[in-house]
Every structure is written in structure tokens, then in C-alpha cells.
Participant: 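First the structure, then my questions, so here it is.
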Amino acid sequence: MNYKPILIVAGEPNSIFLEIFFKSLRIKKFKSPIILIASQNLIKLQMKKLKINVRMKILNFNKIDRYNLNNEVINLINVEYNTTKAFEKISSKSNEYIKESFEIALKLINKKISNKLINGPISKKCFLNNKFLGITEYLAKKSNIKDIAMLIYNDNLSVSPVTTHLPLKKVATKIDKELIKKKIILINNFYKDRFKKKPNIAITGLNPHCESVDRYNEDTKIIKPMVKYMKKSNYRISGPFPADTIFLKENRKKYDVIIGMYHDQVLAPMKTLFEYDAINITLGLPFIRISPDHGPNEKMLGKNLSNPLSLIKSISFLDTKWLEQKKVWDKIF
């Protein structure tokens, strides 16, 4: 079976991403050819800094379907980025470079070259400029998709926040039954498509111990009725549970996914449990998008000490026969 290529947008140039990319290709062999969308100039500068030497093959975007690709070299679509240094401070200087990289990837997806996309970490402050909560929402807008879900996936347990990169003071105003329902449906469908199973889902409350000193309690007014409704609709869902106990070993082992009301409510325990052994999957897009579950990590730039496990897991997840099946392609496209 021929494997479609995995498209990788390198993302923020001043990050650890190229370092962990080089390491990933050295540590593991992948069946799917990888197309890196990045700056040739930047790659050369960072390879010199990190004392790494990997051959590159520059690809012509307009002839991309004519190449016989393998991972013996870096298959590169070059995006111009003007710098003389391997690493600089993160700034808006890279905005156009990142934007063009994503646009190239989306064009290749629209041409049906691939249905697999990985992006390296992005500085939300600089690149998104408060216009989007995260790359999840950025790609949804670019793809004209409204309903999406962020799934932080591990083989043993995954988590999903109902709200993503939202200031805590705004979370309660965004929690509603319809939003929770859409997240549950997306997660359920993903597990059925990918793993041929209905996932067991736990959902947390919003308030400590699912209680509120205020007259209005979101846990009893919104979340509990939604759980009851989804159960009647034949979804395997339980809750709401207090967020401070659902992650205890004997509790979490009963579930495939824990849905929380806000980002740190579920991502903090997830990263404590699995560290780099998790990947960020965006559900609902017309392709499978994954990013390693970490940021640019400026403190580690140029040290050649960063852990590539999350990127290896990201590539491995897309390097499967499941994504090559005609029924999956038909459903996506």
C-alpha cells in the first residue's frame, strides 16, 4: 500500500521544532513520506548550530504529485525567511513566513495530495495577534468549519477542554449545552472511526466539587441535564465529576476520555501524568491535524536537549493504513 505524504509546517522559526524534527527522523523510520514546509536558509543555520547534517531535496510545489518521495532526505518546500541567525527572539517578524507555510499546506490538502497535517509550535501572541484563541480555531476558520474539538490524545487516556485558550474569567459565559453536545459528538465519532469503539467519556463540572455558592450553578443547570440527554441518545458518558478526583488512578482508568470545562482543568493533570507522551489532535477539520503537545520552548533553543517524543508520536499516529483507506478519504474530502 502506498502511503500518502505527511505535511509538516515547521511553524515558529525560533523554537525547538527543527531540532526535534531532525531527532525524530533519526530515531524512527516512517512509511509515509514527509514533506517539510519551512525555510531552507533557516534549516541550514540551525543544522550548523546543532551540529547536524541532513541532506535536503527541494520540491517544486506545482510538480508535487510527480515525485517519488522517501525519507532518506528532507523533502522540503522552501518558504523564504530572511535571517542570518539560527535563533532570535520570537516576534512578529515570522508572521508572513508562518502564514505562507500554512497556506501552502492547505493548498496541498485541497489538491488531495494528503489528508495529514502536523504543525510545529506557534507563538499565539505574535502570530495570532488576539484574532484567534489558537491554531485550532485558526485552521477551522481557514477551512470554513464551525464545530471543532481539541483532543489531547494518549493511548491510555485522552482529555478535551470544552473551551480552549480562553481567559478563566470568560469560561462560565461560554459554557452551554449545545457546545458540550458538539464536543461529545466529535469525540465519539472520532473514536468510532479510528478505533471502532464507542469511547467511555467522563465529564467534569465547572465549579469545585460541582458546587457553587452562587444562586446559579452551571453543573446542575447545564452539565448534568446534558449528560442525561446524551446518555438517552446512547452515548457512553458519565458525570459531572469534581475535577479534583476524576484523575485519581481508580477513577480515570474507567474512561477513554475526560472532558473538562476549561484548558488547565484537564491539560494540567494530563501533562503531569504523561509529560511528552501525548499529541494534540484537532477534530472536525476536513483533514487530520496534529501538533506536538508543547510550545516553542525558548529556554531550550540551540541546546540540542529537547525531547522529540511528542513529535514522534504525532508522525506515528498519521503513519497508519487507516488514513489510506478509500472510505476515510471519501469521508474527509
Participant: Are Ser160 and Lys183 linked by a side-chain donor-acceptor pair shorter than 3.5 Å?
Facilitator: no
Participant: Counting C-beta onward and ignoring hydrogens, is there a side-chain heavy-atom pair between Ile237 and Lys231 closer than 4.5 Å?
Facilitator: yes
Participant: Between Tyr3 and Thr320, does any side-chain donor sit less than 3.5 Å from a side-chain acceptor?
Facilitator: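 The answer is no; no qualifying pair exists.
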Participant: Could you pull out the closest heavy-atom pair between Asn304 and Leu50, with the gap in Å?
Facilitator: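 Scanning both residues completely, I find the closest heavy atoms to be ND2-O, 3.4 Å.
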Participant: Quick one: closest heavy-atom pair of Pro5 and Lys116, and the distance?
Facilitator: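 Between these two residues, the closest heavy atoms are O-CD, 3.8 Å.
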Participant: Not counting sequence neighbours, list each pair that qualifies as a salt bridge (Lys or Arg N to Asp or Glu O under 4.0 Å) and has a residue in residues 152-162.
Facilitator: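 Sorted result for residues 152-162: empty, none.
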Participant: Within the 4.5 Å heavy-atom criterion, are Glu275 and Asn307 side-chain neighbours or not?
Facilitator: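 No, every pair of side-chain atoms sits at 4.5 Å or beyond.
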Participant: Would you please name every residue forming a side chain to side chain contact (heavy atoms under 4.5 Å, CB included) with Lys141, sequence neighbours left out?
Facilitator: Phe132
Participant: Identify every side-chain donor-acceptor pair in residues 86-106 under 3.5 Å, counting partners at least two apart or on other chains, and give the distances.
Facilitator:
{"residue": "Glu88", "atom": "OE1", "partner": "Thr83", "partner atom": "OG1", "Å": "3.4"}
{"residue": "Glu88", "atom": "OE1", "partner": "Lys93", "partner atom": "NZ", "Å": "3.0"}
{"residue": "Glu88", "atom": "OE2", "partner": "Lys93", "partner atom": "NZ", "Å": "3.4"}
{"residue": "Ser91", "atom": "OG", "partner": "Lys93", "partner atom": "N", "Å": "3.2"}
{"residue": "Lys93", "atom": "NZ", "partner": "Asn82", "partner atom": "O", "Å": "3.1"}
{"residue": "Ser94", "atom": "OG", "partner": "Glu12", "partner atom": "OE1", "Å": "3.2"}
{"residue": "Ser94", "atom": "OG", "partner": "Ser91", "partner atom": "O", "Å": "3.4"}
{"residue": "Asn95", "atom": "ND2", "partner": "Cys126", "partner atom": "O", "Å": "3.1"}
{"residue": "Tyr97", "atom": "OH", "partner": "Ser39", "partner atom": "N", "Å": "3.0"}
{"residue": "Ser101", "atom": "OG", "partner": "Tyr97", "partner atom": "O", "Å": "2.8"}

Participant: Where is the tightest heavy-atom contact between Ala10 and Ala38, given as atom of each residue plus distance?
Facilitator: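 In terms of heavy atoms, the two residues are closest at CB-CB, 3.7 Å.
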Participant: Check whether any side-chain N or O of Ser233 sits under 3.5 Å from a backbone N or O of Tyr235 as a donor-acceptor pair, and report yes or no.
Facilitator: no
Participant: Quick one: are Ile175 and Thr163 in side-chain contact, heavy atoms under 4.5 Å?
Facilitator: yes
Participant: Step by step, work out the side-chain contact (heavy atoms from CB on, under 4.5 Å) result for Ser310 and Ile279.
Facilitator: CA-CA 6 Å; Ser310 188; Ile279 57 177; 4.2 Å; yes
Participant: Output all residues satisfying side chain to side chain contact (heavy atoms under 4.5 Å, CB included) with Asn200, sequence neighbours left out; order by chain, then residue number.
Facilitator: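 Residues passing side chain to side chain contact (heavy atoms under 4.5 Å, CB included) with Asn200: Arg236, Tyr255, Asp256.
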Participant: Show me the pairs that pass side-chain hydrogen bond (donor to acceptor under 3.5 Å, both in side chains) and involve residues 166-181, at least two apart or across chains.
Facilitator: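 For residues 166-181: none.
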Participant: Ignoring hydrogens and geometry beyond distance, is a side-chain donor-acceptor pair present between Thr204 and Gln265 at under 3.5 Å?
Facilitator: yes
Participant: Does a side-chain heavy-atom distance below 4.5 Å link Pro308 with Tyr276?
Facilitator: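 No. Closest side-chain heavy atoms not under 4.5 Å.
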Participant: If I compare all heavy atoms of Leu157 with all of Val257, which pair ends up nearest, and what's the gap?
Facilitator: CD1-N, 4.3 Å
Participant: With no hydrogens and no angle check, is any side-chain donor or acceptor of Lys198 less than 3.5 Å from a backbone partner on Tyr191?
Facilitator: no
Participant: Please list all pairs passing the side-chain hydrogen bond (donor to acceptor under 3.5 Å, both in side chains) test where one or both residues lie in residues 45-71, with sequence neighbours left out.
Facilitator: none
Participant: With rounding to the nearest 0.5 angstrom, report the CG to CD1 distance, Leu311 to Ile8.
Facilitator: 6.0 Å
Participant: Considering only residues two or more places apart or on different chains, which pairs with a residue in residues 298-310 satisfy salt bridge (Lys or Arg N to Asp or Glu O under 4.0 Å)?
Facilitator: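 Found none.
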Participant: Please, which pairs that meet salt bridge (Lys or Arg N to Asp or Glu O under 4.0 Å) have at least one residue in residues 20-32, sequence neighbours excluded?
Facilitator: Glu19-Lys23
Participant: Could you tell me if the side chain of Val73 sits less than 4.5 Å from the side chain of Met56, heavy atoms only?
Facilitator: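 Side chain of Met56 against side chain of Val73, heavy atoms only: no contact under 4.5 Å found.
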Participant: For residues Val227 and Gly239, report the shortest heavy-atom separation together with the two atoms involved.
Facilitator: CG1-O, 3.6 Å
Participant: Using atom types as modelled and distance alone, determine if a side-chain donor or acceptor of Asn41 lies under 3.5 Å from a backbone N or O of Tyr81.
Facilitator: yes
Participant: Decide side-chain contact (heavy atoms from CB on, under 4.5 Å) for Leu179 and Val162; before the verdict, give the C-alpha distance in whole Å, the side-chain angles of both, and the deciding distance to 0.1 Å.
Facilitator: CA-CA 7 Å; Leu179 179 61; Val162 170; 3.5 Å; yes
Participant: Checking side chain to side chain contact (heavy atoms under 4.5 Å, CB included) against Ile109, which of Leu117, Asn115, Leu285 comes through?
Facilitator: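 Exactly one pass, corresponding to Leu117.
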Participant: Between Asp219 and Lys224, does any NZ, NE, NH1 or NH2 come within less than 4.0 Å of an OD or OE carboxylate oxygen?
Facilitator: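 Looking at Lys224 and Asp219, the cut-off is not met.
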Participant: How many angstroms lie between atom CG of Leu42 and atom CE of Met47, to the nearest 0.5 angstrom?
Facilitator: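 With rounding to 0.5 Å, CG (Leu42) is 10.0 Å from CE (Met47).
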Participant: Using the rule that two of Ile, Leu, Val, Met, Phe, Trp, Tyr join whenever any of their side-chain heavy atoms come within less than 4.5 Å, decide whether Leu45 and Leu18 are in one cluster.
Facilitator: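 They do not share one cluster, since no chain of ILVMFWY contacts under 4.5 Å joins Leu45 to Leu18.
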Participant: Of the non-hydrogen atoms in Ala172 and Glu218, which two are nearest, and what is the gap between them?
Facilitator: CB-OE2, 3.8 Å
Participant: Passes side-chain contact (heavy atoms from CB on, under 4.5 Å), Ile16 versus Leu301? Steps please.
Facilitator: CA-CA 6 Å; Ile16 60 168; Leu301 295 183; 4.1 Å; yes
Participant: Verify side-chain contact (heavy atoms from CB on, under 4.5 Å) between Asn251 and Phe241, making sure each step is shown before the conclusion.
Facilitator: CA-CA 10 Å; Asn251 291 336; Phe241 297 105; over 6 Å; no
Participant: If you measure from CD1 on Ile6 to CD1 on Ile288, what distance do you get to the nearest 0.5 Å?
Facilitator: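 With rounding to 0.5 Å, CD1 (Ile6) is 12.0 Å from CD1 (Ile288).
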Participant: Output every pair passing ring-ring contact (aromatic ring centres under 6.0 Å, His included) with a member in residues 149-185, not counting sequence neighbours, ordered by first then second residue.
Facilitator: Tyr153-Phe195, Tyr153-Phe317, His165-His263
Participant: By side chain to side chain contact (heavy atoms under 4.5 Å, CB included), which residues pair with Thr164, not counting sequence neighbours?
Facilitator: Leu133, Glu137, Met150
Participant: So, using side chain to side chain contact (heavy atoms under 4.5 Å, CB included) as the criterion, who are the partners of Thr220 when residues are at least two apart?
Facilitator: Asn217
Participant: Which pairs with one or both residues in residues 19-62 pass ring-ring contact (aromatic ring centres under 6.0 Å, His included), sequence neighbours excluded?
Facilitator: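 Pairs touching residues 19-62 that pass the test: none.
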Participant: Quick check for you: to the nearest 0.5 Å, what is the distance between Ile20 atom CD1 and Met300 atom CE?
Facilitator: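 Reported to 0.5 Å precision, the distance equals 11.0 Å.
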Participant: With a 4.5 Å cut-off on side-chain heavy atoms, are Leu128 and Tyr138 touching?
Facilitator: yes
Participant: CD1/Ile223 to CE/Met261 distance, rounded to the nearest 0.5 angstrom?
Facilitator: 4.0 Å
Participant: What's the separation between atom CG in Leu36 and atom CG in Leu76, rounded to the nearest 0.5 Å?
Facilitator: 5.5 Å
Participant: Would you check if Ser32 and Lys4 make a side-chain contact, meaning some heavy-atom pair closer than 4.5 Å?
Facilitator: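 Ser32 vs Lys4: side chains apart.
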Participant: Are any non-hydrogen side-chain atoms of Ile135 and Arg289 less than 4.5 angstrom apart?
Facilitator: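 Yes. Closest side-chain heavy atoms under 4.5 Å.
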Participant: Is there a donor-acceptor pair closer than 3.5 Å between any side-chain N or O of Asn297 and the backbone N or O of Ser306?
Facilitator: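 Absent.
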Participant: Answer with yes or no whether the side chains of Asn119 and Ser291 bring together a donor and an acceptor at under 3.5 Å.
Facilitator: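 No, Asn119 and Ser291 have no side-chain donor paired with an acceptor closer than 3.5 Å.
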